[in-house]
Protein chains: 2
Amino acid sequence: MSANLQGAMEDLITVFYKYSGKEGDKYKLNKKELKNMLQEELSEFLAGPNQASVVEKIMTDLDENKDGEVDFQEFVVLVAALTVACNEFFVDSIKNANK
Amino acid sequence: MSANLQGAMEDLITVFYKYSGKEGDKYKLNKKELKNMLQEELSEFLAGPNQASVVEKIMTDLDENKDGEVDFQEFVVLVAALTVACNEFFVDSIKNANK
């Protein structure tokens, strides 16, 4: 499969609305929708004994205005932060392998 | 095709290294690599008579420290901003269609 930037951007939008459209405001993720999204989409990141506290931490961080909702822009910030963290891990692995 | 968040994140990393690895620092995009990436991956966004000035504007904005290189974190900021802009266009289209 050939990776494609525009396709990745479309996927981010599609994934967001897949979960945000389930109940309430169709353009925002409520806490239940966010939790479902994290558990279904990012289970590899959240695996392990601390899964519940990681989900809780992400919710608290994203929901700064305490309205219990995450809009698309806040969602993209989360994805960007996770992707940068993954990338750092990936680069470190390559550099260590080349030592 | 089913959209997948983890797959989209992996695609962002794969696309970045596809271009950044071509010359110089393999972990950063130089101006030529950035221009290639924008033209090959985002041609739909850049179509039209202003394509050259849009590419120039994006380069200037991203290259704030004037080192002529864009690292992965700066790349993700660009993708996040473009995706939020696309999403706003998408939401406006839906809302106008429902009026």
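Hydrogens, waters and symmetry mates are skipped; everything else that's a heavy atom, side chains included, is used. Here is how names work: the chains are called A, B, and so on, in the same order as the sequence lines, proteins then strands, and each is numbered from 1.
Listed by first and then second residue, the salt bridge (charged side-chain N to carboxylate O under 4.0 Å, His left out) pairs involving residues 29-38 of chain B are E23(B)-K32(B) (not counting sequence neighbours).
When T83(B), L82(B), I13(B), V76(B) are compared by the number of non-hydrogen pairs under 4.5 Å with chain A, T83(B) comes out ahead.
Contact of the V91(B) side chain with the Y17(A) side chain is registered, since non-hydrogen atoms from C-beta on lie closer than 4.5 Å. Side-chain contact check for D11(B) versus N4(A): every heavy-atom pair is 4.5 Å or farther apart.
Heavy-atom distances place the side chain of F75(B), and not its backbone, under 4.5 Å from chain A.
Qualifying side chain to side chain contact (heavy atoms under 4.5 Å, CB included) partners for D71(B), counting only residues two or more places apart in sequence or in other chains: K28(B), Q73(B), E74(B).
Of all non-hydrogen atoms in L5(B) and V15(A), the two that sit nearest each other are N-CG2, 3.8 Å. Here the closest heavy-atom approach between residue L42(B) and residue Q6(A) is recorded as CA-OE1, 4.3 Å.
Cluster membership check: V77(A) does not share its hydrophobic cluster with Y27(A), using side-chain heavy-atom separations under 4.5 Å among Ile, Leu, Val, Met, Phe, Trp and Tyr.
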